[in-house]
Amino acid sequence: MKKIITAALLLTLVACSKLSMDNYQQLKTGMSYNEVTAIIGEPESCEEALGTRTCLWGDDKKQIKAAFLAEKAMLFSHKGLN
């Protein structure tokens with residue numbers, strides 16, 4: 001049980017470490033979803049509506065949001081990045 005908790009904590013820390021200003025500045029409009037996830041990892045959540053997908057990485061304090069249209073990034077925003 002202790003190993004499972006440790007592994008989950010490490011995965012959380014690794015995912016958060018990808019949420020940096022350096023990685024955010026690598027994100028460009030026109031990138032594919034796969035190109036974005038290669039830089040900042042898998043999102044915590046995504047919502048789809050009217051042919052667009054909006055994804056969130058992080059939480060309320062530190063986050064990156066991206067909007068995709070036809071699998072291409074159209075908009076990025078961030079909050080709490082150093």
Side-chain angles (χ1 to χ4, degrees):
M1 180 70 170
K2 197 174 199 179
K3 288 182 183 181
I4 293 172
I5 292 171
T6 301
L9 180 59
L10 286 174
L11 285 174
T12 301
L13 291 174
V14 168
C16 289
S17 68
K18 290 188 172 197
L19 295 182
S20 67
M21 186 56 78
D22 288 337
N23 283 347
Y24 179 79
Q25 290 174 338
Q26 292 180 47
L27 303 174
K28 306 292 181 216
T29 57
M31 286 182 141
S32 70
Y33 174 83
N34 290 336
E35 290 171 318
V36 172
T37 58
I39 295 171
I40 58 175
E42 293 295 322
E44 272 63 48
S45 64
C46 289
E47 295 179 5
E48 295 191 37
L50 301 172
T52 63
R53 179 194 296 183
T54 304
C55 297
L56 172 70
W57 289 259
D59 55 31
D60 287 340
K61 293 181 182 180
K62 186 175 183 178
Q63 64 180 243
I64 295 175
K65 286 185 182 179
F68 297 87
L69 177 63
E71 291 299 313
K72 298 291 182 185
M74 300 302 293
L75 177 70
F76 294 101
S77 64
H78 69 87
K79 177 180 171 184
L81 300 182
N82 297 330

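When a residue number appears, it is its place in the shown sequence, counting from 1.
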**OP:** Please identify each residue that fulfils ring pair (Phe, Tyr, Trp, His ring centres under 6.0 Å) with Tyr33, with sequence neighbours left out.
**Re:** Phe68
Original post:
Considering all heavy atoms of both residues, which atom of Ser20 and which atom of Leu81 are nearest to each other, and what is their separation?
Top reply: O-CD1, 3.9 Å
Original post:
Which heavy-atom pair separates Asp59 from Gln63 by the least distance, and what is that distance?
Top reply: O-NE2, 2.8 Å
Original post:
Out of Thr54, Ile64, Thr37, which one pairs with Pro43 under the side-chain contact (heavy atoms from CB on, under 4.5 Å) rule?
Top reply: Thr37
Subject >> Glu44 side chain reached by Trp57 side chain, heavy atoms, under 4.5 Å >> reply: yes
Subject >> Those residues that, when tested against Glu47, pass salt bridge (Lys or Arg N to Asp or Glu O under 4.0 Å) (two or more places apart) >> reply: none
Original post:
Would you say Asn23's side chain and Lys18's backbone share a donor-acceptor pair under 3.5 angstrom?
Top reply: yes
**OP:** State yes or no: do Leu56 and Met21 share one hydrophobic cluster built from I, L, V, M, F, W and Y residues joined by side-chain heavy-atom distances below 4.5 Å, directly or via other members?
**Re:** no
**OP:** Sorted by first residue and then second, give each disulfide bond (SG atoms under 2.5 Å apart) pair with at least one member in residues 17-82; sequence neighbours left out.
**Re:** Cys46-Cys55
**OP:** For Gly58 and Leu19, work out which heavy atoms get closest and say how close.
**Re:** CA-CD1, 3.4 Å
Original post:
Going by the salt bridge (charged side-chain N to carboxylate O under 4.0 Å, His left out) test, which pairs reach into residues 69-80, not counting sequence neighbours?
Top reply: Arg53-Glu71
Subject >> Remaining members of hydrophobic cluster (4.5 Å side-chain criterion), Met74 >> reply: Leu69
Original post:
Among all residues two or more places apart in sequence or in another chain, which pass the side chain to side chain contact (heavy atoms under 4.5 Å, CB included) test with Ala38?
Top reply: none
